[in-house]
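One structure below.
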Number of protein chains: 2
Amino acid sequence: MRTISPPVGLPALNETDLVGQVARRLTEAIVLGRLPPGSKVVEAGIARELGVSRAPVREAARLLEQQGLLVANPRRGFFVRQFAADDIDEIYDLRLCVERHAAVLAARNLTPETRDKLRRQIEVLHETADLDDPARQVEEDYRFHRLICEIAGNRRMLRLFDDLASELRMVIGLIGRLYDDPHEIARTHEPVLAAIEAGHPERIVAYVDYHIGHAWREVGRLVREIPPWPAAAK
Amino acid sequence: MRTISPPVGLPALNETDLVGQVARRLTEAIVLGRLPPGSKVVEAGIARELGVSRAPVREAARLLEQQGLLVANPRRGFFVRQFAADDIDEIYDLRLCVERHAAVLAARNLTPETRDKLRRQIEVLHETADLDDPARQVEEDYRFHRLICEIAGNRRMLRLFDDLASELRMVIGLIGRLYDDPHEIARTHEPVLAAIEAGHPERIVAYVDYHIGHAWREVGRLVREIPPWPAAAK
DNA sequence: TAATCGTCGATTGTCGACAGTTTGATCTTG
DNA sequence: CAAGATCAAACTGTCGACAATCGACGATTA
């Protein structure tokens, strides 16, 4: 008797079906700033545009709702989530709390392989800094932090990170730019990695605090500068 | 020109429609141990049982999937999540990380009203301890911790807590009992509250660590005692 | 003129149906 | 008798349809 299949384990990312694809397209549209915050997401419209029926769209929308990108108003439909300044504070507060812990765990689990991955990612960050491609820069930045969460080895923590990141990506995407000096952001990752390699919990926390806190203040400032969001079209 | 309605804000819990009700019934069935871990959730079956069509069931299932109670296998359906010992560790690790922070924030935001709420909840815990109703005891326990997260004032953190709690409720519900001495658990909440009232971050963290760590070890032990889960029926 | 009411188009919530896949059992074959 | 092929029932993924509800515009009235 062979085991036919391991029916349950963990997430097992839905990549197969339409729902996953619709969700990705929707996420993309939201993060890239089409579908501005506050705008209504008409199921039939999305469905027609993607050449599918409403059912997959609804399920995808529910997914993005749980992820925090959409807000559902019963009998009224889904709307693209709007962020206020205190949302930024909530996200960064939680992110800081989690990433501190993740970094400490990562240090505990660090192997030569994972250490190299982190180092290489910092190199990538420097290379990307020359490209003048803010979106790419943000992406590679997240990849570094995500690596830390991966190495930490707590799958739920990683998922939480992904959720927070997708919210942040949306906000930052709307701001358009992030840092004035992309090389600076690349540099501020180095002491974090150094602390993780050294394995000093206190130093790790301190540098993570500094690094994330820096981004927090920066994003917070930018958000407060452009308070009335890009206009909730339609 | 008046604004017709505030279309977006935050969650706005779906309570209106079928999906919410189906989700609640499903959650209940899972947490209470009907629908044992590993069992298949047949959409049509649930739909017939609840007298609705498959569409709301599917959407509810997707909700529970994101919440971690179900696992989706494309083309095969939804299965009730199975937990292993390391899942317990993940959940408590994350929970500890979050609740430490929540307690510190709660101390910062504490008002006479919220302080009284916490005190009263501890009283309730003591009262419930006499009832010999483990499920109720667990519920009131969570209500205390949830209060702390509420007072902390970070909505995302509260949601994370709820998600983790629903997973834990499921596990604990399957274990059947939690503590041998329900009064002891009630007592261990008191120093936590005392530390919050005193407002000493270090002491708060220490007592939260002790309290949650205690539960962690206890639940971990029980889970390891009953490794092969209650049989994945059908 | 300003506010209220009623009507109409647009959109959501829900349903039943159909095709393709998976599952488990039966049959075949070495 | 065991291992693989075959087949039927069950189930999922997706679709189009219909009723209920919402939002906006215009008519009515004080």
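Values below: all heavy atoms of this structure, side chains included; hydrogens, waters and symmetry mates excluded. Below, chains carry the letters A, B, ... as their sequence lines are ordered, and counting in each starts from 1.
Contact check, B:Lys40 against D:dT12: a side-chain N or O comes under 4.0 Å of OP1 or OP2. Side-chain nitrogen and oxygen atoms of A:Arg76 include none within less than 4.0 Å of the OP1 or OP2 phosphate oxygen of C:dT11.
For A:Arg48, the side-chain contact (heavy atoms from CB on, under 4.5 Å) test picks out no residue, with sequence neighbours left out. Residues passing the salt bridge (Lys or Arg N to Asp or Glu O under 4.0 Å) test with B:Arg143, sequence neighbours excluded: B:Glu140. In this structure, the side-chain contact (heavy atoms from CB on, under 4.5 Å) partners of B:Ala60, at least two apart in sequence or on a different chain, are B:Val19, B:Val22, B:Ala23. Remark: A:Asp163 pairs with A:Gln67 by the side-chain contact (heavy atoms from CB on, under 4.5 Å) rule, at least two apart or across chains. Every residue two or more places apart in sequence or in another chain that forms a side-chain contact (heavy atoms from CB on, under 4.5 Å) with B:Glu28 is listed here: B:Arg25, B:Leu32. Residues satisfying the side chain to side chain donor-acceptor pair (under 3.5 Å) criterion with A:Glu113, sequence neighbours excluded, are A:Thr111. Scored by the salt bridge (Lys or Arg N to Asp or Glu O under 4.0 Å) test, A:Asp89 finds A:Arg224 as partners (sequence neighbours excluded).
Regarding A:Glu49, its CD atom lies at a distance of 14 Å from the P atom of C:dT11, rounded to whole Å. Rounded to whole Å, the distance from CG on A:Leu50 to C1' on D:dC15 is 15 Å. Taking atom CG on A:Leu18 and atom P on C:dG20, their separation rounds to 15 Å, with Å as the unit. Nucleotide C:dT14 holds its C1' atom 13 Å from the CD atom of A:Glu59, rounded to whole Å. If you take CZ of B:Phe79 and P of C:dT22, they are 12 Å apart, rounded to a whole angstrom. Remark: C1' of D:dT14 and CD of A:Glu43 are 15 Å apart, rounded to the nearest angstrom. Per the geometry, CD belonging to A:Glu65 stands 10 Å off P belonging to C:dG13, to the nearest Å. Put simply, CZ on A:Arg58 is 14 Å from C1' on D:dC15, counting in whole angstrom units.
Residue B:Arg48 is the one, among B:Ala55 and B:Arg48, whose nearest nucleotide of DNA chain D lies closer to the 5' end (criterion: closest heavy atom).
When distances are taken from the side chain of A:Val42 to each of C:dT14, D:dT14, C:dT12, the shortest belongs to C:dT12.
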What nitrogen or oxygen pairs link the protein and nucleotides 18-21 of chain D at under 3.5 Å?
none

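Taking the C1' atoms of five terminal pairs at each end of the helix from C:dT1-D:dA30 to C:dG30-D:dC1, the two resulting helix axes are inclined by 10°, rounded to 10°.
Contact annotation for B:Val22: no contact, since no heavy-atom pair falls under 4.0 Å across all strands. Contacts of A:Val57 with the nucleic acid, taken as non-hydrogen atoms under 4.0 Å apart, are absent.
Surrounding CG of B:Asp132 are at most 12 heavy atoms belonging to other residues, nucleotides or ligands under 6.0 Å away.
Using a 4.0 Å cut-off between a side-chain N of Lys or Arg and a carboxylate O of Asp or Glu, B:Glu65 and B:Arg81 do not qualify as a salt bridge.
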